[in-house]
Amino acid sequence: MTGQPSDAYDDAAMILGLALDGDTCAVAGRLDDVVVRSGTSGAYDVALCLAATMIGDQLQGSGAALDFPGIDDAPYDVRWVARFVSAYVNADRPTGEALFGAAIADGQLPTCMIALTDSTLETLRRRTD
């Protein structure tokens with residue numbers, strides 16, 4: 001046993017814990033560790049876990065529409081999070097994978113994953129208030 005997370009949910013939980021501590025550098029480092037250990041498919045699985053945590057598994061595949069006025073004017077990472085979570089909710093894996101691939105190609109994946117982590121954490125905070 002190395003003390004390293006064993007699956008995507010463990011990685012996501014650890015990343016959320018680091019984000020809760022406000023340690024953005026550690027979040028980025030853990031995401032890099034996931035990519036080194038499990039490749040981009042591992043990072044994609046972590047993104048799915050974060051989306052599942054944010055939304056709740058019971059809503060996946062519910063056919064929700066993305067309602068985000070002005071989304072085309074939002075920063076890249078904000079657009080990406082909104083669209084990725086929408087793809088998750090609609091069980092649209094091809095769109096989620098395309099968004100993930102585009103973020104990689106655009107050199108934006110770390111920023112997008114941090115934004116997804118922050119959005120998930122903020123959603124969890126609102127639920128407990």
Side-chain angles (χ1 to χ4, degrees):
M1 186 86 178
T2 63
Q4 295 295 319
S6 60
D7 67 12
Y9 276 103
D10 289 341
D11 286 323
M14 183 170 287
I15 287 165
L16 285 171
L18 294 168
L20 185 61
D21 291 340
D23 194 344
T24 303
C25 289
V27 169
R30 178 56 62 185
L31 290 167
D32 286 344
D33 292 345
V34 169
V35 172
V36 167
R37 186 179 68 247
S38 305
T40 56
S41 66
Y44 180 81
D45 290 343
V46 169
L48 289 176
C49 293
L50 291 169
T53 301
M54 179 191 300
I55 298 301
D57 292 323
Q58 69 277 5
L59 293 178
Q60 186 179 16
S62 65
L66 177 61
D67 184 20
F68 191 128
I71 191 166
D72 291 327
D73 297 324
Y76 187 104
D77 59 335
V78 173
R79 287 191 320 265
W80 186 90
V81 169
R83 291 177 174 146
F84 186 83
V85 171
S86 178
Y88 171 79
V89 168
N90 289 299
D92 185 356
R93 187 171 182 103
T95 297
E97 289 174 347
L99 288 163
F100 209 79
I104 292 169
D106 294 340
Q108 296 292 320
L109 185 62
T111 303
C112 292
M113 290 293 290
I114 289 171
L116 178 59
T117 301
D118 290 345
S119 294
T120 302
L121 186 58
E122 186 58 32
T123 299
L124 295 173
R125 283 182 177 143
R126 280 192 310 245
R127 283 187 195 148
T128 61
D129 289 344

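Residue numbers start at 1 and run along the sequence shown.
Once rounded to the nearest 0.5 Å, the distance linking CD1 of Ile114 with CG of Asp77 reads 9.5 Å. Expressed to the nearest 0.5 Å, how far CG of Leu109 lies from CG of Asp32 amounts to 9.5 Å. A distance of 9.5 Å separates CG of Leu124 from CD of Glu122, quoted to the nearest 0.5 Å. The line from CD1 of Ile104 to OH of Tyr44 is 11.0 Å long, rounded to the nearest 0.5 Å.
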Exercise. Going through the checks in order, is the salt bridge (charged side-chain N to carboxylate O under 4.0 Å, His left out) test met by Asp10 and Arg30?
Worked result: CA-CA 11 Å; Asp10 289 341; Arg30 178 56 62 185; over 6 Å; no
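In this structure, Ile71 and Ala82 approach most closely via the heavy-atom pair CD1-CB, 3.6 Å. The shortest heavy-atom contact between Arg37 and Asp11 is NH2-OD2, 2.5 Å. Here the shortest heavy-atom pairing between Ala74 and Val78 reads CB-CG1, 3.9 Å. Considering every non-hydrogen atom in both Ala87 and Gly96, the closest pair reads CB-N, 3.8 Å. In terms of heavy-atom proximity, Leu50 sits nearest to Ala12 at CD2-CB, 4.0 Å. Contact record, Tyr76 with Ala102: OH-O, 3.4 Å, taken as the closest heavy-atom pair.
Side-chain contact between Leu116 and Val85 is present, with at least one heavy-atom pair separated by less than 4.5 Å. Side chains of Met113 and Ile15 form no contact here, defined as non-hydrogen atoms less than 4.5 Å apart.
Trp80 and Phe100 have tilted rings, their planes meeting at an angle from 30° to 60° on a 0 to 90° scale.
Screening residues 108-120 for side-chain hydrogen bond (donor to acceptor under 3.5 Å, both in side chains) gives no qualifying pairs among residues at least two apart or on separate chains.
Val35 and Tyr9 fall into different hydrophobic clusters, where Ile, Leu, Val, Met, Phe, Trp and Tyr side chains are chained together by heavy-atom contacts under 4.5 Å.
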